[in-house]
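The block underneath contains the structure these notes are about, expressed in structure tokens.
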Amino acid sequence: MRTLVSASMSLFLAALLVTACATGSPTTTAPSTAATAGPSGSVSPSGSASLFSPTDVAWLQLTVAMNERLLPVLDMVPSRTTDPAWQTFAARLGTAHRADLSTARRLLAGSGAPATNPHEGHDMPGMVTEQELTTLRSATGVAFQRLAGQHVRAHLQQAVRVATAEQRNGVYPATTALAAEVVRAGDAELTRLDRLDPSA
């Protein structure tokens, strides 16, 4: 299931990016009641419609879905390992991902995109499955850290990959700015993860 959905979703996103490049990043116009993003991705009312490209919306939707899947893993850390370095790492990463999730949701609301999650039930690269969560819940200590490290690494690598594509092909400034922050923070967290558990 994951392989088939991963392949189709990768093709879908690739098609959006190619379309954006070929046509000068076509945009979709949100309703006149849409919001514009202010500092730090906050959304404030605007009298004019906000413009988001299909790539912007697709990336925001994927970011929301990916972060929603990772947070349960990070929330498990305090009860599954007593390693202080892991606990600090998970707490920092969780705080940052909750902030990114909140910003992505606000931007999606401003874009006029449907509130429903189009990736509900999908198992794609960077997303932890329900089966994997069940396995994590039965692990403790070093075994848990190894498994969690693998999932966190896969998430961060995929998040950096798709955020880089959004940086290059997105249109809406607050969305591309969030993508730039995801890339910066993701690279930094991958380096910390390397130091935390090189075998993860």
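Keep in mind that what you see is a predicted model, and the values were worked out from it rather than measured.
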Atom of G126, atom of H155 and distance for their closest heavy-atom approach: O-ND1, 3.4 Å

CG (L51) and OH (Y172) are apart, to the nearest 0.5 Å, by 8.5 Å

Rounded to the nearest 0.5 Å, the CZ atom of R80 sits from the OG atom of S138 at a distance of 7.5 Å

Does any N or O in the side chain of H97 come within less than 3.5 Å of the main-chain N or O of L93, such that one atom is a donor and the other an acceptor? yes

Looking only at non-hydrogen atoms, find the nearest pair between V182 and A159 and report the distance. CG1-O, 3.9 Å

Measuring from atom OG1 of T135 to atom CZ of F144, what distance do you get when rounded to the nearest 0.5 angstrom? 11.5 Å

Using only atom types and a distance under 3.5 Å, with no angle test, would you say the side chain of S79 pairs donor to acceptor with the backbone of M76? yes

Examine distances only and state if a side-chain atom of D56 and a backbone atom of F52 form a donor-acceptor pair shorter than 3.5 Å. no

R105 side, atom CZ; N67 side, atom CG - distance, nearest 0.5 Å: 9.0 Å

Distance from L70 atom CG to L74 atom CG, nearest 0.5 Å? 4.0 Å

Counting distance only, does the side-chain N/O of S102 pair as donor-acceptor with the main-chain N or O of R98 below 3.5 Å? no

Whether the side chain of T88 engages the backbone of A85 through a donor-acceptor N/O pair (distance < 3.5 Å, no angle test) should be reported. no

Identify the residue among L60, T55, L178, L62 that makes a side chain to side chain contact (heavy atoms under 4.5 Å, CB included) with E166. T55

So that I can tick it off, tell me whether R184 and E189 are bridged by a salt bridge, with the cut-off set at under 4.0 angstrom between side-chain N and carboxylate O. no

Taking all atoms of both residues into account, what is the closest heavy-atom pair of V183 and A163, and its distance? CG2-CB, 3.6 Å

Treating T81 as the side-chain partner and V77 as the backbone partner, does any N or O pair qualify as donor plus acceptor under 3.5 Å? no

Flag yes if V160 and F89 sit in one hydrophobic cluster, no otherwise; membership is Ile, Leu, Val, Met, Phe, Trp, Tyr, and two members link when side-chain heavy atoms are under 4.5 Å apart. no

Would you call R192 and D187 a salt bridge, using N to O less than 4.0 angstrom? no

Quick one: closest heavy-atom pair of T129 and R69, and the distance? CA-NH1, 4.2 Å

On a heavy-atom basis, the closest approach of Q61 and A113 is NE2-CB, 4.2 Å

Shortest non-hydrogen contact from A104 to T63? CB-CG2, 4.4 Å

Measure the CD-CE distance between Q158 and M66 for me, rounded to the nearest 0.5 Å. 5.5 Å

Decide yes or no on side-chain contact (heavy atoms from CB on, under 4.5 Å) for D83 and V142, but give the supporting numbers first. CA-CA 9 Å; D83 186 321; V142 174; over 6 Å; no

